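Order of the sequence lines fixes the chain letters, A, B, ..., with proteins taken first and strands second; residue numbering starts at 1 for each chain. Predicted model only: the values in this text are computed from it and were never measured. Because only heavy atoms are used, hydrogens play no part in the values below, and waters and symmetry mates are left out as well, while side chains stay in.
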Amino acid sequence: MKSADSAVVLPGSANNRRPLTIRKYRVAGNVFRNRITATLAVIILLSLGLVARLIYLQVMGHEHYSSLSRNNRIKISPVVPTRGLIYDRNGVMLAENLPTYSLDITPEQVEDLDETLVRLQALLGITDEEIKLFLAQRKRHRGFASIPLHLHLTDEELARFFVNRPYFPGVEVHARLVRHYPRNEVTSHVVGYVGRINERELKRLDPGNYRGTQHIGKIGVEQSYETALHGQAGYQEIETNAQGRFISVIKTVPAAQGKDLYLTLDIGLQKTAYDALGEHSGAVAAIEVETGDVLVLVSKPGFDPNPFVYGISMKAYRALQTSGDRPLFNRALRGQYPPGSTIKPFVGLAGLEYSVITARRVKHCPGFYQLPNLSHRYRDWKKWGHGSVDLTKAIVQSCDVYFYDLAHTLGIDRLHDFLQRLGFGEKSGIDLVGEKSGLLPSREWKRRARNQAWYPGETLITGIGQGFTQVTPVQLARATAILANRGRMVYPHMVSRTKTLDGITPWQQAKEERLSLNSNHLNIIIRAMVDVVHSARGTARRIGVGIPYQIAGKTGTAQVFTVKQTEQYQEHKVAKKLRDHALFIAFAPADHPRIAIAVIVENGGHGSSVAAPIAAQVIAQYLEES
Amino acid sequence: MPLQSHTQPQHLSMQPNQAGTLLQKLHVDAPLLAGLILLCGIGFLILYSAGGQNPDLLVRQAVRLGVAFVLMLGLAQVQPQTLKRYSLALFVIGIVLLLAVLVIGTIGKGAQRWLNLGFFRFQPSEMLKIATPMMLAWYLAARPLPPRWLHLACALVLILIPTALIAKQPDLGTALLIACSGAAVLFVAGISWRLLIGSIAVCISLTPVLWHFMHDYQRDRVKMLLNPESDPLGRGYHIIQSKIAIGSGGLYGKGWLNGTQSHLDFLPERFTDFIFAVFAEEFGLLGCVTLLVVYLLVTGRCLFIAAQANDTYSQLLAGGLTITFFVYIFVNIGMVIGILPVVGIPLPLISYGGTSMVTLFAGFGILMSIRTHPKLIPG
């Protein structure tokens, strides 16, 4: 610092006798000044270079660039792919594209847009949401591009608009293809629906592929197979003038149309199951045992998906949302119910496989069960008990006490492990978005979720399908199918094949797995399930009368409402919402199973009276048809 | 060493008028301030047009300008000696923050440049734009000049650390600028011409190696520079549209608010990196030359400040900052008019955006401090 200062202090005193460092610093000072001068020179030179380039562009190239700017420019316009169609397994149309008329506005050609919108709203059934969406889209388009305001003009609206057309310059009617679901509420959950792309989806979607697309799959197959159904947008290179108006098409890259989907669903069976549920809420899932094809996936009540396509009104949507029977809720996929007694065949199989019981061992049922040294009585549904009970009788008459004892002997760990192998507590892996995994309780789960130890009493109620256990209808149908398949794993899936112009691609099972189950044990369980339907004391004997094949089934009743120790459950005294759920699982024919089914009727009371006949109808129709 | 009184610097006390005294007290260099105000004024004018006459944009820019201006005034009050004392610390902090960005930084637009401090997001690479020349000036000022080989090697390492860290984000544009700011300090420190020309030659011959390490998008940008027509609707779009905007402006321009390229959305990033194209379209060649002259006057004033600086540290720092300022201008305009590859560098004082504005004004604050603090000349 000091010496640096002295170097500046003594300008021009170039004296050789000065110390070396001082001399150096003086020289450095000169060098520095030289460098500043050089910098100035380089900067001026570079600036002249910029100016030269600007002269080249703005003077010599002016005419060339002016004409580029003024006359012709190329713009890219999207070619929207046609959405793939959805059929059932026999080629019956489930989702189609219908030509319809939409009302589009070209903002540039409208003098007073706000006033026009108000007048249009007065003339036609245009909702506030449509106006909002239109204004949001308008920001993303240039003024000369026409933007849809109202996607579906009814015949009356069309007529009314054409009469008044001269008063609406810049408003046009365009033909479009719009999704339509001819089966309405019967397929609403499984096929799903498309709706207008919302702001959140707009951010997530590939803007190139979705430019020009108005709709996207929101639920069901429409959502799960969005990519395949949508296809790939093409584009046109369009020559436009300075204001960006269309002059001519230079080049067209066609869109790759969406793939057509053939579902595994059988619409005839689907309709039968939907109708058979009658006034009840509930779900039916039926699986083809051999292939894992989902033949029926009903959630009732359904809803009409078609208004969602055009943009359902807020009022109608809220009505659906707040309705007590929750029509928007997909029970088949997302409903989680206690399995009740339908779990018993699986628990019985666990007992045999772990050699805890034999088919011949008999247990006395006095109508209740008590854990050693505890006073709490775990009751049987039959107040006075079943007397002497073996495994078959326990399944046929659905004896709770037998299974309390079996569960107690097995213990929760073995019970959990065995049921897990049958797919309980896990997603079935069906190719639909939003599936729930149900709940299969275990010590580990209880510690994690509730931070509590496992109590022995909880093992007992798990053994009769109550307590924490929750299953979805799809899971229950799948477990039944695996049982029918004698341990060969079943992978339920909705889409059987996709079709494009290039050909048909069939669905392929990803893997082949088999649970090692003792054949004799399986025979015991299946025979007991046949007796449920076909023996004189079977809980579902009413559906077994007069049919030319054998059904193996099991009824179930899931408690929604807990009755006190001292009270008795009386159906008529309990509000409908708190009544028991009725369940039934079955497969048929028992000797060569082809279809497995699970039925859940919410608040339906006993499985035997409500749920079993629904399953019987579907089975009968399926076996007759093929 | 006797110091001149702080209150009455001789060279400033010559100015008689009141404004002069106020500016003196504020340690502001009036010619530089005038130039900056002029440039920012032009910036607002063109931003109003480029941003589709959206007043919100101007308000936000004004707020940032206010912040930057306060920072400049603040830095102008600090003695250059104080700056010198904190050079090392600032540099080390900057490097630590850069490392932090690589580990925990947030990713925006595909690059990891931001440090989220909860209440605001901060780009440490901007800090290094000032800290790197400060560090080099501090390092070289304490050593005999022109620097010897060993010191030169150390200086190069000092430049390489932030450059490599920022290039890894990846932000090649900023990395090159920071390398440039360090090189500028070396240049004014007096490394020999032979060495300078030699290293430029080596750099050019190493281009194929650099090419090998570039990201695909960076290669695309270079390819687009060489042949933008090869992908007119994809990656070459920026350059083609920019050239059309500039060329169609002609000698006198289409007039303020009358640019069609920009207003019809043909020109991308028209109020940030490509704002010069909007300016050129609306004000023509005459406007462009005028703008360049104003830039040159500001740069010239800064060079003058550097030349008049009274200690080695101030000389080197002022010289380095000035050269970097011009490199900004040259690289941005060069990119917009299609003679340099597209790198994300804004046009100083005119482009919309906060971070670069703040950094630039910090630099000008340091220059003003160097200009207005009493010289260490004995009376």
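- No more than 12 heavy atoms of other residues, nucleotides or ligands shown are found within 6.0 angstrom of OH on A/Tyr56.
- If you measure heavy-atom distances from B/Phe187 to chain A, the contacts under 4.5 Å come from both the backbone and the side chain.
- With a threshold of 4.5 angstrom between heavy atoms, B/Leu285 approaches chain A through its backbone and through its side chain.
- B/Tyr252 does not touch chain A: none of its heavy atoms, backbone or side chain, sits under 4.5 Å away.
- The NE2 atom of A/His64 sits 11.0 Å away from the OG atom of B/Ser248 when rounded to the nearest 0.5 Å.
- In terms of non-hydrogen atom pairs under 4.5 Å with chain A, the most contact-rich of B/Gly284, B/Gly319, B/Gly300 is B/Gly284.
- Around CD of A/Glu115, the count of heavy atoms belonging to other residues, nucleotides or ligands within 6.0 Å exceeds 12.
- The one candidate from B/Leu251, B/Leu286, B/Ile337, B/Ile246 that meets the side-chain contact (heavy atoms from CB on, under 4.5 Å) condition with A/Gln58 is B/Ile246.
- Among all heavy-atom pairs drawn from B/Ala307 and A/Ile36, the shortest one is CB-CG2, 4.2 Å.
- Distance check, rounded to the nearest 0.5 Å: CG of B/Leu292 to CG of A/Leu46 gives 11.0 Å.
- With respect to chain B, the highest number of heavy-atom pairs below 4.5 Å among A/Leu54, A/Ile55, A/Val59, A/Leu40 belongs to A/Leu54.
- The contact between B/Ala280 and chain A is made by backbone and side chain atoms together, counting heavy-atom distances below 4.5 Å.
- Looking at A/Ser47 and B/Tyr295, their side chains never come closer than 4.5 Å, going by heavy atoms from C-beta outward.
- Between atom CD1 of residue B/Ile191 and atom CZ of residue A/Arg35 there is a gap of 6.5 Å, rounded to the nearest 0.5 Å.
- Note: B/Ile339 CD1 to A/Leu50 CG = 5.5 Å, rounded to the nearest 0.5 Å.
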